[in-house]
Amino acid sequence: MNDHPQIYIGTAFVAGVLLTVGIKELVYPELEQRIKSRRSAQSTDAQGLSRDTTELVARPGPPSIVDGIEGCIGNTPLFRIKSLSDATGCEILGKAEFLNGAGQSSKDRVALSMIQMAEEQGILTPHSGDTIYEGTSGSTGISLATLARAKGLLAHICMPSDQAIEKSDLLLKLGAIVDRVPPAPIVEKDNFVNRARDLAQTHTKSSTESDSDSNTMRGRGFFADQFENEANWRAHFNGTGPEIYAQCNGKLDAFIAGAGTGGTISGVALFLKPKIPNLSVVLADPQGSGLYNRVRYGVMFDVKEKEGTRRRRQVDTIVEGIGINRVTANFEAGKELVDDAVRVTDVQAMAMARWLVEKDGIFVGSSSAVNCFAAVKTAMKLGPGHRIVTVLSDSGSRHLSRFWARAGDVGGAVDTKLEDVLNAKDDQ
């Protein structure tokens, strides 16, 4: 060996080359195929749904530059609510929908979906003078007004007069026309939803008549119809559901949500249930709403709506955004996938809202407090070790004059126990 070093070095070099070529031929094709398969699994179709949701990646690094305010909607964080998780032994996660970038609520997704579908159908045309009409308790109107401005459209919002005044104030700042109308059942012409529909029809009729009069309205009127428009539940089927699945890596035991229009609970359930058959979908329902009994017993009736006992003509609760006494098309789309319901009183919702501020520094609105209370009740029913996701729809800043005015301030040196929240009773 010492006599012929060049021969041995050359032989070793050739052997190394042959070995490398052999490994490349044997291993590389398989490795390359696996990389291609992974990239393909992470690709999405035209609707933004992953072709193989088991490979979805949630929040992969810093976000890229997006086009306009509408690009800031979706992909919201999912975070562990530490106090509730520690107290129950379950992992209770909150989907931070108040961080959507247009109207700062879960209704951003719905508003964008409804506008996009209307544009695709030729019903709305950006920068045309078209006006969006909607009947809403507030958040959907705020999202619609924001996106309308972004697209060169106008907004006319009808809302019950008993909703928090800061919502209509914000709508006015966004340039929307606002009608605050007395609460009335859906069967009455003066109901806020029916008024929005009638105004849209009148606008469209006027726009098609002779424009010889300089005061004739321009553009068309579009009634968004969030309660019956399928673009509502599809927004959550295409966005919220896939995001939750990805963020949880497909490991989830229960999903909790309230229902006003019913789009969130239906859309998410329709996406998640086929992938997680054992998932429990639970409705969080405020007092005065009939959906609790609809899910539990198959009838739409609530004792607080009994003739002679109800204090108002809609849903007897200070909770805004959820609770209703009819089955909408959006709730109908997924109601067979709703497994259970939890009734939450106003005092329980207020106690939970104060708890979240005291323990976690989380300041949310009334519907989010209802959702979190129902999440705790579900955790106690399932037992420790389960993962539960609920929706934090909007910030408490939109509920200062009504819900939070009743809930009161959170003291600086308090030590509330969870059983105090669960056992909260009305003093009346």
Side-chain angles (χ1 to χ4, degrees), residues 38-81 91-117 119 139-140 142-144 146-147 150-151 226 231-252 255-257 261 263-272 275-276 279 321 362-365 367-368 371-372 375 387-395:
R38 184 174 181 82
R39 287 175 177 169
S40 175
Q42 292 175 348
S43 64
T44 58
D45 61 19
Q47 293 182 313
L49 285 174
S50 170
R51 296 191 183 105
D52 181 358
T53 53
T54 61
E55 295 294 337
L56 274 170
V57 176
R59 301 181 67 82
S64 59
I65 296 173
V66 296
D67 190 22
I69 193 71
E70 56 266 44
C72 301
I73 297 173
N75 201 24
T76 55
L78 184 68
F79 68 94
R80 182 175 180 268
I81 303 176
E91 188 176 34
I92 297 180
L93 308 176
K95 183 71 166 153
E97 289 294 277
F98 57 85
L99 293 180
N100 277 297
Q104 291 84 55
S105 80
S106 58
K107 295 301 185 179
D108 276 1
R109 300 178 188 266
V110 176
L112 182 60
S113 179
M114 292 191 298
I115 290 173
Q116 287 176 335
M117 184 174 288
E119 288 176 342
S139 289
T140 303
I142 293 167
S143 295
L144 283 170
T146 304
L147 292 170
K151 289 177 171 286
Q226 61 167 328
N232 184 338
W233 70 260
R234 288 190 179 278
H236 298 289
F237 179 86
N238 292 332
T240 317
E243 289 173 26
I244 291 172
Y245 189 85
Q247 289 166 321
C248 291
N249 197 27
K251 298 176 181 178
L252 178 62
F255 173 71
I256 317 294
T261 65
T264 302
I265 196 167
S266 287
V268 173
L270 285 164
F271 183 87
L272 292 180
K275 295 169 179 57
I276 314 174
L279 177 73
I362 300 171
F363 183 54
V364 292
S367 62
S368 302
N371 288 344
C372 287
R387 175 180 281 174
I388 298 165
V389 169
T390 193
V391 179
L392 306 182
S393 306
D394 63 2
S395 166

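- Here Phe255 contributes atom CZ and Ile276 contributes atom CD1; the two are 11.0 Å apart, rounded to the nearest 0.5 Å.
- Here Phe363 pairs with Trp404 under the ring pair (Phe, Tyr, Trp, His ring centres under 6.0 Å) rule; sequence neighbours left out.
- Listed here is the closest heavy atom pair of Gly239 and Pro242: O-CD, 3.3 Å.
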Side chains of residues 263-270: which donor-acceptor pairs under 3.5 Å do they make with residues two or more places apart or in other chains?
from: Thr264; atom 1: OG1; to: His236; atom 2: NE2; distance (Å): 3.2
from: Ser266; atom 1: OG; to: Gly262; atom 2: O; distance (Å): 3.2
from: Ser266; atom 1: OG; to: Asn330; atom 2: O; distance (Å): 2.6
from: Ser266; atom 1: OG; to: Phe331; atom 2: O; distance (Å): 3.3
from: Ser266; atom 1: OG; to: Gly334; atom 2: N; distance (Å): 3.2

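- For the atom pair Lys275 NZ and Leu252 CG, the distance stands at 13.0 Å (nearest 0.5 Å).
- We find the CD-CG distance between Gln247 and Leu93 to be 9.0 Å, quoted to the nearest 0.5 Å.
- Listed by chain and number, the residues in a side-chain contact (heavy atoms from CB on, under 4.5 Å) with Ala231 are Ser113, Met114, Met117, Asn229 (sequence neighbours excluded).
- Counted by atom type alone, Gln226 and Thr261 present zero donor-acceptor pairs between their side chains at under 3.5 Å.
- Ala102 meets the side-chain contact (heavy atoms from CB on, under 4.5 Å) test with Ile69, Ile73, Asp108, Thr146, Leu147; sequence neighbours excluded.
- In terms of heavy atoms, Glu91 sits closest to Arg387 at OE1-NE, 2.8 Å.
- Residues that satisfy the side-chain hydrogen bond (donor to acceptor under 3.5 Å, both in side chains) test with Glu97, not counting sequence neighbours, are Thr76, Asn100, Arg109.
- Closest of all the heavy-atom pairs between Gly241 and Leu272 is O-CD2, 3.8 Å.
- Taking CG from Asn75 and OG1 from Thr240, the interatomic distance works out to 11.0 Å, rounded to the nearest 0.5 Å.
- When every heavy atom of Phe98 is checked against every heavy atom of Ser395, the shortest pair comes out as CB-N, 3.8 Å.
- Going from atom NZ of Lys107 over to atom OG of Ser139 covers 7.5 Å, rounded to the nearest 0.5 Å.
- Counting only heavy atoms from C-beta outward, the side chains of Leu392 and Phe79 approach each other to under 4.5 Å.
- Cys248 and Leu78 make their closest contact through SG-CD2, 3.7 Å (heavy atoms, listed as atom of the first residue, atom of the second, distance).
- Residues that satisfy the salt bridge (Lys or Arg N to Asp or Glu O under 4.0 Å) test with Glu70, not counting sequence neighbours, are absent from this structure.
- Side-chain atoms of Val110 and Leu144, non-hydrogen and from C-beta on, never get closer than 4.5 Å to each other.
- Between the side chain of Asn371 and the backbone N or O of Thr390 there is no donor-acceptor pair closer than 3.5 Å.
- From Ile388, atom CD1 reaches atom CD1 of Ile256 across 6.0 Å, with rounding to the nearest 0.5 Å.
- Between the side chain of Ser393 and the main chain of Ser105, no donor-acceptor pair closer than 3.5 Å is present.
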